[in-house]
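Chain identifiers are assigned alphabetically (A, B, ...) following the order of the sequence lines, protein sequences preceding nucleic acid strands; residue numbering begins at 1 within each chain. For the numbers below, each heavy atom of this structure counts, side chains included, while hydrogens, waters and symmetry mates do not.
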2 protein chains.
Amino acid sequence: MSDIRITIFDDNKRFRESIALLFETNHGFEMAGNFPDVLTVIEDVEESKPDVVLMDIDMPSVNGIAAVKKLREKFSKLPIIMLTSFDEDDKVFQSICAGAMGYLLKSAQPNDLIDAVREVSAGGAPMTPSIARKVMMHFQQQNTPAPENDYGLSDREKDVLAELVKGKSLKMIADELFVSRETVKTHVKNIYSKLHVSCAAEAVAKTLNQKLLG
Amino acid sequence: MSDIRITIFDDNKRFRESIALLFETNHGFEMAGNFPDVLTVIEDVEESKPDVVLMDIDMPSVNGIAAVKKLREKFSKLPIIMLTSFDEDDKVFQSICAGAMGYLLKSAQPNDLIDAVREVSAGGAPMTPSIARKVMMHFQQQNTPAPENDYGLSDREKDVLAELVKGKSLKMIADELFVSRETVKTHVKNIYSKLHVSCAAEAVAKTLNQKLLG
DNA sequence: CTGTCTATCCCCCATTTGGGGGATATTTAG
DNA sequence: CTAAATATCCCCCAAATGGGGGATAGACAG
(Lines give C-alpha, C1' and ligand atoms only; values in the text may rest on other atoms or scores of the structure.)
Protein backbone atom coordinates (compact mmCIF):
# COMPACT_ATOMS: atom_id res chain seq x y z
CA MET A 1 0.00 0.00 0.00
CA SER A 2 1.42 3.35 -1.03
CA ASP A 3 1.50 6.43 1.15
CA ILE A 4 -1.51 8.69 1.55
CA ARG A 5 -0.67 11.98 -0.11
CA ILE A 6 -1.90 15.10 1.68
CA THR A 7 -2.31 18.66 0.50
CA ILE A 8 -3.16 21.41 2.95
CA PHE A 9 -4.58 24.90 2.45
CA ASP A 10 -4.17 27.19 5.44
CA ASP A 11 -3.10 30.78 5.77
CA ASN A 12 -1.21 30.10 8.98
CA LYS A 13 2.38 29.19 8.15
CA ARG A 14 3.07 27.72 11.57
CA PHE A 15 0.08 25.45 11.36
CA ARG A 16 1.00 24.25 7.87
CA GLU A 17 4.44 23.44 9.11
CA SER A 18 3.19 21.47 12.10
CA ILE A 19 0.93 19.49 9.83
CA ALA A 20 3.74 18.81 7.42
CA LEU A 21 5.94 17.69 10.26
CA LEU A 22 3.21 15.51 11.69
CA PHE A 23 2.57 13.62 8.48
CA GLU A 24 6.14 13.41 7.33
CA THR A 25 7.23 11.82 10.57
CA ASN A 26 4.46 9.23 10.40
CA HIS A 27 4.68 6.18 8.23
CA GLY A 28 2.11 5.80 5.54
CA PHE A 29 1.74 9.52 4.85
CA GLU A 30 3.38 11.96 2.53
CA MET A 31 2.89 15.70 2.09
CA ALA A 32 1.88 16.48 -1.46
CA GLY A 33 1.33 20.21 -1.21
CA ASN A 34 1.17 23.09 1.17
CA PHE A 35 -0.53 26.36 0.20
CA PRO A 36 -1.33 29.56 2.11
CA ASP A 37 -4.41 30.39 0.04
CA VAL A 38 -6.92 28.95 -2.39
CA LEU A 39 -6.52 31.43 -5.21
CA THR A 40 -5.33 28.72 -7.55
CA VAL A 41 -6.82 25.79 -5.71
CA ILE A 42 -7.69 23.77 -8.79
CA GLU A 43 -4.23 24.05 -10.26
CA ASP A 44 -2.62 23.42 -6.88
CA VAL A 45 -4.53 20.19 -6.49
CA GLU A 46 -3.97 19.15 -10.06
CA GLU A 47 -0.25 19.50 -9.59
CA SER A 48 0.13 18.07 -6.12
CA LYS A 49 -2.24 15.14 -6.77
CA PRO A 50 -3.23 14.53 -3.16
CA ASP A 51 -5.32 11.62 -1.87
CA VAL A 52 -6.74 13.84 0.84
CA VAL A 53 -7.12 17.60 1.14
CA LEU A 54 -7.07 19.48 4.43
CA MET A 55 -8.80 22.83 4.13
CA ASP A 56 -8.93 25.66 6.62
CA ILE A 57 -12.50 26.89 6.77
CA ASP A 58 -11.59 30.48 7.64
CA MET A 59 -9.11 32.05 5.34
CA PRO A 60 -8.76 35.71 4.50
CA SER A 61 -9.53 36.79 0.94
CA VAL A 62 -11.09 33.71 -0.60
CA ASN A 63 -12.84 31.43 1.84
CA GLY A 64 -12.43 27.72 2.21
CA ILE A 65 -16.03 26.82 1.57
CA ALA A 66 -16.04 28.29 -1.90
CA ALA A 67 -12.81 26.41 -2.56
CA VAL A 68 -14.48 23.15 -1.55
CA LYS A 69 -17.26 23.79 -4.03
CA LYS A 70 -14.78 24.34 -6.80
CA LEU A 71 -12.83 21.24 -5.92
CA ARG A 72 -15.97 19.15 -5.67
CA GLU A 73 -17.03 20.17 -9.16
CA LYS A 74 -13.69 19.30 -10.65
CA PHE A 75 -12.65 16.30 -8.55
CA SER A 76 -15.88 14.65 -7.60
CA LYS A 77 -14.38 12.03 -5.34
CA LEU A 78 -11.46 13.75 -3.70
CA PRO A 79 -11.90 13.54 0.08
CA ILE A 80 -11.73 16.91 1.79
CA ILE A 81 -11.46 17.45 5.53
CA MET A 82 -12.34 20.88 6.87
CA LEU A 83 -10.33 22.36 9.71
CA THR A 84 -11.54 25.13 11.93
CA SER A 85 -10.63 26.78 15.16
CA PHE A 86 -14.15 27.01 16.48
CA ASP A 87 -17.30 24.97 16.32
CA GLU A 88 -19.19 27.22 13.94
CA ASP A 89 -22.41 25.51 12.99
CA ASP A 90 -23.23 27.54 9.95
CA LYS A 91 -19.90 27.20 8.29
CA VAL A 92 -19.72 23.54 9.05
CA PHE A 93 -23.04 22.93 7.42
CA GLN A 94 -22.13 25.00 4.44
CA SER A 95 -18.93 23.01 4.07
CA ILE A 96 -20.79 19.75 4.21
CA CYS A 97 -23.22 20.92 1.59
CA ALA A 98 -20.34 22.14 -0.52
CA GLY A 99 -18.93 18.64 -0.50
CA ALA A 100 -16.49 18.27 2.37
CA MET A 101 -16.44 14.73 3.73
CA GLY A 102 -14.96 15.39 7.14
CA TYR A 103 -14.75 18.05 9.74
CA LEU A 104 -12.27 18.55 12.58
CA LEU A 105 -11.24 21.15 15.09
CA LYS A 106 -7.72 22.44 14.74
CA SER A 107 -7.28 21.79 18.41
CA ALA A 108 -7.66 18.06 17.74
CA GLN A 109 -4.89 15.79 18.92
CA PRO A 110 -2.29 14.85 16.31
CA ASN A 111 -3.48 11.28 16.61
CA ASP A 112 -7.04 12.28 15.80
CA LEU A 113 -5.84 14.05 12.71
CA ILE A 114 -3.93 11.02 11.57
CA ASP A 115 -6.92 8.80 12.24
CA ALA A 116 -9.21 11.17 10.38
CA VAL A 117 -7.02 11.22 7.30
CA ARG A 118 -6.82 7.44 7.31
CA GLU A 119 -10.53 7.17 7.77
CA VAL A 120 -11.49 9.58 5.04
CA SER A 121 -9.14 8.00 2.57
CA ALA A 122 -10.68 4.64 3.42
CA GLY A 123 -14.12 5.95 2.57
CA GLY A 124 -15.24 7.20 5.94
CA ALA A 125 -16.46 10.56 7.09
CA PRO A 126 -14.55 11.69 10.15
CA MET A 127 -16.18 14.35 12.26
CA THR A 128 -16.59 15.36 15.84
CA PRO A 129 -19.46 13.74 17.68
CA SER A 130 -21.35 17.00 18.02
CA ILE A 131 -21.23 17.61 14.30
CA ALA A 132 -22.28 14.05 13.61
CA ARG A 133 -25.29 14.58 15.80
CA LYS A 134 -26.22 17.80 14.07
CA VAL A 135 -25.98 16.16 10.69
CA MET A 136 -28.16 13.32 11.86
CA MET A 137 -30.80 15.62 13.27
CA HIS A 138 -30.92 17.60 10.09
CA PHE A 139 -31.06 14.42 8.08
CA GLN A 140 -33.96 13.14 10.11
CA GLN A 141 -35.92 16.34 9.81
CA GLN A 142 -35.51 16.31 6.08
CA ASN A 143 -36.65 12.74 5.77
CA THR A 144 -39.64 12.64 8.04
CA PRO A 145 -43.12 13.39 6.77
CA ALA A 146 -45.26 15.96 8.49
CA PRO A 147 -45.38 16.17 12.27
CA GLU A 148 -48.92 17.35 12.91
CA ASN A 149 -48.74 20.12 10.46
CA ASP A 150 -51.38 19.00 8.02
CA TYR A 151 -53.43 22.17 8.29
CA GLY A 152 -56.42 20.09 9.32
CA LEU A 153 -56.77 18.44 5.94
CA SER A 154 -59.21 15.54 5.95
CA ASP A 155 -58.14 12.14 4.64
CA ARG A 156 -60.05 12.63 1.45
CA GLU A 157 -58.51 16.03 0.93
CA LYS A 158 -55.10 14.48 1.31
CA ASP A 159 -56.00 11.95 -1.36
CA VAL A 160 -56.94 14.74 -3.71
CA LEU A 161 -53.86 16.76 -2.82
CA ALA A 162 -51.67 13.76 -3.54
CA GLU A 163 -53.11 13.59 -7.04
CA LEU A 164 -52.68 17.31 -7.54
CA VAL A 165 -49.02 16.90 -6.68
CA LYS A 166 -48.77 14.32 -9.43
CA GLY A 167 -49.97 16.98 -11.83
CA LYS A 168 -53.37 15.45 -12.45
CA SER A 169 -56.25 17.58 -13.68
CA LEU A 170 -59.58 17.74 -11.87
CA LYS A 171 -61.09 15.34 -14.36
CA MET A 172 -58.29 12.82 -14.03
CA ILE A 173 -58.51 12.98 -10.26
CA ALA A 174 -62.25 12.44 -10.43
CA ASP A 175 -61.65 9.27 -12.44
CA GLU A 176 -58.91 8.06 -10.12
CA LEU A 177 -61.10 8.46 -7.07
CA PHE A 178 -64.35 7.38 -8.72
CA VAL A 179 -66.24 10.54 -7.89
CA SER A 180 -67.55 13.38 -9.99
CA ARG A 181 -65.43 16.28 -11.11
CA GLU A 182 -67.56 18.54 -8.96
CA THR A 183 -66.66 16.62 -5.84
CA VAL A 184 -63.00 16.95 -6.59
CA LYS A 185 -63.52 20.62 -7.19
CA THR A 186 -65.10 21.07 -3.80
CA HIS A 187 -62.23 19.25 -2.13
CA VAL A 188 -59.75 21.39 -4.02
CA LYS A 189 -61.55 24.54 -2.95
CA ASN A 190 -61.36 23.41 0.66
CA ILE A 191 -57.71 22.47 0.31
CA TYR A 192 -56.89 25.92 -1.04
CA SER A 193 -58.70 27.51 1.81
CA LYS A 194 -57.01 25.37 4.44
CA LEU A 195 -53.55 25.83 2.98
CA HIS A 196 -54.15 29.53 2.31
CA VAL A 197 -53.20 29.21 -1.32
CA SER A 198 -55.06 30.08 -4.46
CA CYS A 199 -53.94 27.75 -7.20
CA ALA A 200 -52.73 24.23 -7.79
CA ALA A 201 -49.12 25.18 -8.34
CA GLU A 202 -48.95 26.98 -5.02
CA ALA A 203 -50.61 24.09 -3.22
CA VAL A 204 -48.11 21.67 -4.71
CA ALA A 205 -45.22 23.88 -3.73
CA LYS A 206 -46.45 24.17 -0.16
CA THR A 207 -47.11 20.46 0.06
CA LEU A 208 -43.65 19.51 -1.12
CA ASN A 209 -41.77 22.22 0.74
CA GLN A 210 -43.40 21.37 4.00
CA LYS A 211 -43.68 17.65 3.31
CA LEU A 212 -47.36 17.66 4.17
CA LEU A 213 -47.92 14.20 2.78
CA GLY A 214 -46.18 11.01 3.84
CA MET B 1 -21.78 11.92 37.59
CA SER B 2 -24.23 9.05 37.81
CA ASP B 3 -24.06 5.89 35.79
CA ILE B 4 -25.37 5.67 32.27
CA ARG B 5 -28.41 3.40 32.30
CA ILE B 6 -28.78 1.07 29.34
CA THR B 7 -31.74 -0.91 28.05
CA ILE B 8 -31.29 -3.45 25.31
CA PHE B 9 -33.79 -5.08 22.93
CA ASP B 10 -32.49 -8.17 21.20
CA ASP B 11 -34.01 -11.57 20.53
CA ASN B 12 -30.70 -13.34 21.10
CA LYS B 13 -30.38 -14.28 24.76
CA ARG B 14 -26.65 -14.91 24.56
CA PHE B 15 -26.05 -11.52 23.08
CA ARG B 16 -28.16 -9.76 25.67
CA GLU B 17 -26.20 -11.50 28.37
CA SER B 18 -22.85 -10.53 26.93
CA ILE B 19 -23.98 -6.95 26.73
CA ALA B 20 -25.23 -7.01 30.28
CA LEU B 21 -21.95 -8.48 31.42
CA LEU B 22 -19.97 -5.93 29.46
CA PHE B 23 -21.71 -2.94 30.94
CA GLU B 24 -22.03 -4.28 34.45
CA THR B 25 -18.34 -4.92 34.69
CA ASN B 26 -17.48 -1.45 33.51
CA HIS B 27 -17.60 1.56 35.75
CA GLY B 28 -20.01 4.29 34.81
CA PHE B 29 -22.62 1.99 33.31
CA GLU B 30 -25.63 0.19 34.62
CA MET B 31 -28.09 -2.15 32.90
CA ALA B 32 -31.62 -0.79 33.17
CA GLY B 33 -33.48 -3.36 31.14
CA ASN B 34 -33.10 -6.33 28.93
CA PHE B 35 -35.89 -7.46 26.61
CA PRO B 36 -36.14 -10.16 23.93
CA ASP B 37 -38.74 -8.32 21.86
CA VAL B 38 -40.32 -4.91 21.31
CA LEU B 39 -43.95 -5.87 21.77
CA THR B 40 -44.27 -3.57 24.76
CA VAL B 41 -41.36 -1.31 23.95
CA ILE B 42 -42.95 1.87 25.24
CA GLU B 43 -43.84 0.36 28.60
CA ASP B 44 -40.47 -1.35 28.83
CA VAL B 45 -38.67 1.92 28.37
CA GLU B 46 -41.01 3.79 30.66
CA GLU B 47 -40.29 1.34 33.42
CA SER B 48 -36.58 0.82 32.95
CA LYS B 49 -35.87 4.55 32.39
CA PRO B 50 -32.68 4.12 30.37
CA ASP B 51 -30.34 6.90 29.29
CA VAL B 52 -29.47 4.96 26.16
CA VAL B 53 -31.30 2.23 24.24
CA LEU B 54 -29.57 -0.48 22.26
CA MET B 55 -31.87 -1.93 19.61
CA ASP B 56 -31.35 -4.93 17.38
CA ILE B 57 -32.38 -3.99 13.87
CA ASP B 58 -33.45 -7.49 12.87
CA MET B 59 -35.87 -9.07 15.22
CA PRO B 60 -38.48 -11.65 14.37
CA SER B 61 -42.13 -10.65 14.71
CA VAL B 62 -41.97 -6.91 15.26
CA ASN B 63 -38.97 -5.23 13.74
CA GLY B 64 -36.61 -2.82 15.41
CA ILE B 65 -37.15 0.06 13.02
CA ALA B 66 -40.84 0.31 13.82
CA ALA B 67 -39.93 0.24 17.48
CA VAL B 68 -37.55 3.17 16.98
CA LYS B 69 -40.34 5.16 15.41
CA LYS B 70 -42.60 4.51 18.35
CA LEU B 71 -39.92 5.41 20.84
CA ARG B 72 -39.00 8.55 18.97
CA GLU B 73 -42.60 9.75 19.06
CA LYS B 74 -42.90 9.17 22.77
CA PHE B 75 -39.40 10.01 24.00
CA SER B 76 -38.16 12.61 21.59
CA LYS B 77 -34.67 12.87 22.98
CA LEU B 78 -33.84 9.35 24.09
CA PRO B 79 -30.66 8.27 22.30
CA ILE B 80 -31.02 4.99 20.44
CA ILE B 81 -28.18 2.97 18.97
CA MET B 82 -29.03 0.37 16.36
CA LEU B 83 -27.19 -2.91 16.32
CA THR B 84 -27.03 -5.20 13.34
CA SER B 85 -25.09 -8.20 12.18
CA PHE B 86 -24.59 -6.98 8.64
CA ASP B 87 -24.05 -3.72 6.90
CA GLU B 88 -27.49 -3.41 5.40
CA ASP B 89 -27.81 -0.02 3.78
CA ASP B 90 -31.55 0.09 3.46
CA LYS B 91 -32.32 -0.78 7.02
CA VAL B 92 -29.68 1.53 8.33
CA PHE B 93 -31.17 4.44 6.45
CA GLN B 94 -34.62 3.55 7.57
CA SER B 95 -33.42 3.45 11.15
CA ILE B 96 -31.79 6.82 10.84
CA CYS B 97 -34.95 8.30 9.40
CA ALA B 98 -36.95 6.65 12.14
CA GLY B 99 -34.86 8.50 14.67
CA ALA B 100 -31.92 6.33 15.70
CA MET B 101 -28.89 8.39 16.62
CA GLY B 102 -26.20 5.79 16.22
CA TYR B 103 -25.44 2.65 14.35
CA LEU B 104 -23.01 -0.18 15.10
CA LEU B 105 -22.20 -3.66 13.93
CA LYS B 106 -22.70 -6.40 16.48
CA SER B 107 -19.22 -7.56 15.64
CA ALA B 108 -17.83 -4.33 17.07
CA GLN B 109 -15.22 -4.61 19.79
CA PRO B 110 -16.54 -4.29 23.34
CA ASN B 111 -14.52 -1.12 23.65
CA ASP B 112 -16.24 0.40 20.63
CA LEU B 113 -19.60 -0.37 22.15
CA ILE B 114 -18.65 1.31 25.38
CA ASP B 115 -17.32 4.32 23.51
CA ALA B 116 -20.45 4.51 21.41
CA VAL B 117 -22.72 4.51 24.42
CA ARG B 118 -20.65 7.19 26.08
CA GLU B 119 -20.63 9.23 22.93
CA VAL B 120 -24.34 9.03 22.24
CA SER B 121 -25.21 9.91 25.80
CA ALA B 122 -22.91 12.91 25.51
CA GLY B 123 -24.81 14.13 22.47
CA GLY B 124 -22.81 12.49 19.72
CA ALA B 125 -23.84 10.17 16.92
CA PRO B 126 -21.63 7.11 16.88
CA MET B 127 -21.54 5.16 13.66
CA THR B 128 -19.16 3.21 11.52
CA PRO B 129 -17.14 5.26 9.05
CA SER B 130 -18.86 3.72 6.06
CA ILE B 131 -22.27 4.66 7.37
CA ALA B 132 -21.07 8.14 8.17
CA ARG B 133 -19.95 8.51 4.61
CA LYS B 134 -23.27 7.32 3.25
CA VAL B 135 -25.15 9.73 5.44
CA MET B 136 -22.93 12.56 4.30
CA MET B 137 -23.36 11.72 0.65
CA HIS B 138 -27.10 11.55 1.02
CA PHE B 139 -27.07 14.78 2.94
CA GLN B 140 -25.09 16.51 0.25
CA GLN B 141 -27.33 15.28 -2.54
CA GLN B 142 -30.37 16.54 -0.72
CA ASN B 143 -28.86 19.92 -0.13
CA THR B 144 -27.24 20.67 -3.43
CA PRO B 145 -29.14 22.24 -6.29
CA ALA B 146 -29.09 20.51 -9.61
CA PRO B 147 -25.92 18.91 -10.94
CA GLU B 148 -26.33 19.34 -14.68
CA ASN B 149 -29.81 18.07 -14.65
CA ASP B 150 -31.61 21.23 -15.59
CA TYR B 151 -33.15 19.73 -18.70
CA GLY B 152 -31.46 22.41 -20.78
CA LEU B 153 -33.57 25.20 -19.34
CA SER B 154 -32.32 28.64 -20.33
CA ASP B 155 -31.65 31.26 -17.66
CA ARG B 156 -34.80 33.10 -18.48
CA GLU B 157 -36.83 29.93 -18.35
CA LYS B 158 -35.44 29.28 -14.89
CA ASP B 159 -36.56 32.75 -13.85
CA VAL B 160 -40.05 31.98 -15.02
CA LEU B 161 -40.05 28.55 -13.45
CA ALA B 162 -38.99 30.05 -10.14
CA GLU B 163 -42.04 32.30 -10.21
CA LEU B 164 -44.28 29.40 -11.15
CA VAL B 165 -43.01 27.56 -8.10
CA LYS B 166 -44.08 30.51 -6.01
CA GLY B 167 -47.57 29.99 -7.35
CA LYS B 168 -47.66 33.12 -9.47
CA SER B 169 -50.01 33.39 -12.43
CA LEU B 170 -48.81 34.22 -15.92
CA LYS B 171 -49.90 37.79 -15.52
CA MET B 172 -48.11 38.21 -12.20
CA ILE B 173 -44.96 36.72 -13.63
CA ALA B 174 -45.16 39.07 -16.59
CA ASP B 175 -45.26 42.01 -14.19
CA GLU B 176 -42.43 40.65 -12.07
CA LEU B 177 -40.19 40.23 -15.07
CA PHE B 178 -41.32 43.34 -16.94
CA VAL B 179 -42.35 41.50 -20.08
CA SER B 180 -45.69 40.82 -21.69
CA ARG B 181 -47.91 37.99 -20.67
CA GLU B 182 -47.34 36.44 -24.08
CA THR B 183 -43.64 36.23 -23.50
CA VAL B 184 -44.14 34.45 -20.22
CA LYS B 185 -46.53 32.12 -21.96
CA THR B 186 -43.95 31.21 -24.54
CA HIS B 187 -41.38 30.52 -21.86
CA VAL B 188 -43.87 28.40 -19.98
CA LYS B 189 -44.65 26.42 -23.11
CA ASN B 190 -40.97 25.76 -23.63
CA ILE B 191 -40.50 24.80 -19.99
CA TYR B 192 -43.32 22.28 -20.21
CA SER B 193 -41.82 20.81 -23.30
CA LYS B 194 -38.33 20.59 -21.84
CA LEU B 195 -39.53 19.07 -18.57
CA HIS B 196 -42.00 16.80 -20.35
CA VAL B 197 -44.89 18.00 -18.25
CA SER B 198 -48.19 19.50 -19.20
CA CYS B 199 -49.28 21.83 -16.46
CA ALA B 200 -47.96 24.18 -13.83
CA ALA B 201 -48.57 21.86 -10.91
CA GLU B 202 -46.59 19.07 -12.53
CA ALA B 203 -43.75 21.42 -13.38
CA VAL B 204 -43.62 22.65 -9.80
CA ALA B 205 -43.61 19.09 -8.48
CA LYS B 206 -40.79 18.08 -10.79
CA THR B 207 -38.81 21.19 -9.97
CA LEU B 208 -39.04 20.67 -6.24
CA ASN B 209 -38.62 16.92 -6.25
CA GLN B 210 -35.52 17.10 -8.36
CA LYS B 211 -34.30 20.38 -6.94
CA LEU B 212 -33.90 21.86 -10.39
CA LEU B 213 -33.44 25.37 -9.06
CA GLY B 214 -30.81 26.62 -6.62
C1' DC C 1 -81.64 15.54 19.33
C1' DT C 2 -78.88 19.03 17.31
C1' DG C 3 -75.09 20.83 15.38
C1' DT C 4 -70.70 20.25 13.02
C1' DC C 5 -67.73 17.90 9.92
C1' DT C 6 -67.22 15.38 5.90
C1' DA C 7 -68.00 13.59 1.35
C1' DT C 8 -70.68 13.82 -2.32
C1' DC C 9 -72.96 16.36 -6.06
C1' DC C 10 -75.03 20.48 -8.92
C1' DC C 11 -75.13 25.24 -11.48
C1' DC C 12 -73.26 29.66 -13.28
C1' DC C 13 -69.61 32.19 -15.19
C1' DA C 14 -65.50 35.16 -15.58
C1' DT C 15 -60.74 34.31 -15.96
C1' DT C 16 -56.83 31.58 -16.98
C1' DT C 17 -54.48 28.14 -19.07
C1' DG C 18 -52.40 25.63 -22.54
C1' DG C 19 -51.94 24.14 -27.45
C1' DG C 20 -51.60 25.63 -32.08
C1' DG C 21 -50.09 28.78 -35.25
C1' DG C 22 -46.47 32.78 -36.31
C1' DA C 23 -42.98 36.81 -36.15
C1' DT C 24 -38.67 39.55 -35.06
C1' DA C 25 -34.20 40.68 -33.05
C1' DT C 26 -29.97 39.27 -30.71
C1' DT C 27 -26.60 36.17 -29.42
C1' DT C 28 -24.04 32.01 -29.94
C1' DA C 29 -22.01 28.33 -32.31
C1' DG C 30 -20.25 26.05 -36.15
C1' DC D 1 -21.63 33.79 -42.93
C1' DT D 2 -25.27 30.75 -41.63
C1' DA D 3 -27.75 28.22 -38.52
C1' DA D 4 -29.43 27.38 -34.07
C1' DA D 5 -30.85 29.20 -29.68
C1' DT D 6 -32.93 32.68 -27.08
C1' DA D 7 -35.97 36.34 -25.73
C1' DT D 8 -39.43 39.01 -27.02
C1' DC D 9 -44.17 39.69 -28.79
C1' DC D 10 -48.89 38.62 -31.32
C1' DC D 11 -53.52 36.01 -32.45
C1' DC D 12 -57.09 32.34 -32.05
C1' DC D 13 -59.67 29.32 -29.32
C1' DA D 14 -61.12 25.19 -26.78
C1' DA D 15 -60.70 23.50 -22.30
C1' DA D 16 -59.71 23.88 -17.56
C1' DT D 17 -59.64 26.45 -13.45
C1' DG D 18 -61.26 28.85 -9.57
C1' DG D 19 -64.78 31.62 -7.09
C1' DG D 20 -69.46 32.13 -5.88
C1' DG D 21 -73.68 30.13 -4.70
C1' DG D 22 -76.28 25.90 -2.72
C1' DA D 23 -77.85 20.87 -1.63
C1' DT D 24 -78.00 16.09 0.50
C1' DA D 25 -76.65 12.28 3.32
C1' DG D 26 -73.91 10.01 6.84
C1' DA D 27 -70.98 10.10 10.90
C1' DC D 28 -69.76 11.71 15.19
C1' DA D 29 -69.84 14.67 19.35
C1' DG D 30 -71.99 17.08 22.85
**Student:** Would you kindly give the OH-to-P distance between A/Tyr151 and C/dT6, to the nearest whole Å?
**Tutor:** 17 Å

**Student:** Any side-chain N or O of B/Ser154 less than 4.0 Å from the OP1 or OP2 oxygen of D/dA7?
**Tutor:** yes

**Student:** Looking at A/Lys171, I'd like to know whether one of its side-chain N or O atoms comes within less than 4.0 Å of OP1 or OP2 on D/dA16.
**Tutor:** yes

**Student:** One thing to verify: whether A/Lys91 and A/Asp58 come together as a salt bridge, which I'm taking to mean a side-chain N less than 4.0 angstrom from a carboxylate O.
**Tutor:**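 So A/Asp58 pairs with A/Lys91 through a salt bridge.
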
**Student:** Taking only side-chain nitrogens and oxygens of A/Thr183, does any of them come within less than 4.0 Å of OP1 or OP2 of C/dC9?
**Tutor:** yes

**Student:** So, is A/Ser169 near the phosphate of D/dA16, with a side-chain N or O under 4.0 Å from OP1 or OP2?
**Tutor:** no

**Student:** Please pick, from C/dC9, C/dG19, C/dT8, the nucleotide with the shortest atom-to-atom distance to any side-chain atom of A/Ser180.
**Tutor:**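 Of all the options, the side chain of A/Ser180 is nearest to C/dC9.
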
**Student:** Write down the distance between CG (A/Asp155) and P (C/dT6), rounded to a whole number of angstrom.
**Tutor:**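 Value for this atom pair: 10 Å.
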
**Student:** Could you give the CD-to-P distance, from A/Glu202 to D/dT17, as a whole number of Å?
**Tutor:** 16 Å

**Student:** Map B/Glu157 and A/Lys185 onto DNA chain D by nearest heavy atom, then report which one ends up closer to the 5' terminus.
**Tutor:** B/Glu157

**Student:** So which one's nearest nucleotide on DNA chain D is more toward 5', A/Leu170 or A/Thr186?
**Tutor:** A/Leu170

**Student:** Could you state the atom-to-atom distance from CG of B/Leu153 to C1' of D/dA5 in whole Å?
**Tutor:**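 It is 14 Å, rounded to the nearest whole Å.
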
**Student:** Could B/Asp175 and B/Arg181 be called an ion pair, given the rule that one side-chain N must be under 4.0 Å from one carboxylate O?
**Tutor:**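 Between B/Arg181 and B/Asp175 there is no salt bridge, as every charged N stays at least 4.0 Å from the carboxylate O atoms.
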
**Student:** Expressed in angstrom and rounded to an integer, what is the separation of A/Asn190 atom CG from D/dG19 atom P?
**Tutor:**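 From A/Asn190 CG to D/dG19 P: 12 Å.
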
**Student:** Can you tell me if B/Arg156 touches the phosphate of D/dT8, counting only side-chain N or O atoms and a distance under 4.0 Å to OP1 or OP2?
**Tutor:** yes

**Student:** Could you tell me the separation between the NZ atom of A/Lys189 and the P atom of C/dA7, rounded to a whole number of Å?
**Tutor:** 15 Å

**Student:** Between C/dT6 atom C1' and A/His187 atom NE2, what is the distance in whole Å?
**Tutor:** 8 Å

**Student:** If I take atom OH in residue A/Tyr192 and atom P in nucleotide D/dG19, what distance separates them, rounded to the nearest angstrom?
**Tutor:**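 My rounded result for the distance is 7 Å.
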
**Student:** Does a side-chain N or O from B/Lys194 land closer than 4.0 Å to OP1 or OP2 of D/dT6, or not?
**Tutor:**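 B/Lys194 to D/dT6 OP1/OP2: side-chain N or O found under 4.0 Å.
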
**Student:** Give the C-alpha distance, both sets of side-chain angles, the deciding distance and a yes or no for side-chain contact (heavy atoms from CB on, under 4.5 Å) between B/Phe15 and B/Lys106.
**Tutor:** CA-CA 9 Å; B/Phe15 187 75; B/Lys106 282 186 171 183; 3.9 Å; yes

**Student:** Look at the side chain of A/Val179 and decide which nucleotide, out of D/dA7, D/dT17, C/dC9, has an atom nearest to it.
**Tutor:**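 Of the candidates, C/dC9 comes closest.
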
**Student:** Under 4.0 Å, heavy atoms only, any strand: does A/Ser198 hit a base, just the sugar-phosphate, or nothing?
**Tutor:**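 Sugar-phosphate contact only - A/Ser198 comes under 4.0 Å of backbone atoms but never of a base.
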
**Student:** Kindly indicate, with the supporting measurements, whether the criterion side chain to side chain donor-acceptor pair (under 3.5 Å) is fulfilled by A/Tyr151 and A/Glu157.
**Tutor:** CA-CA 11 Å; A/Tyr151 292 85; A/Glu157 284 159 0; over 6 Å; no

**Student:** Is there side-chain contact between B/Pro126 and B/Tyr103, with at least one heavy-atom pair below 4.5 Å?
**Tutor:**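 They are not in side-chain contact.
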
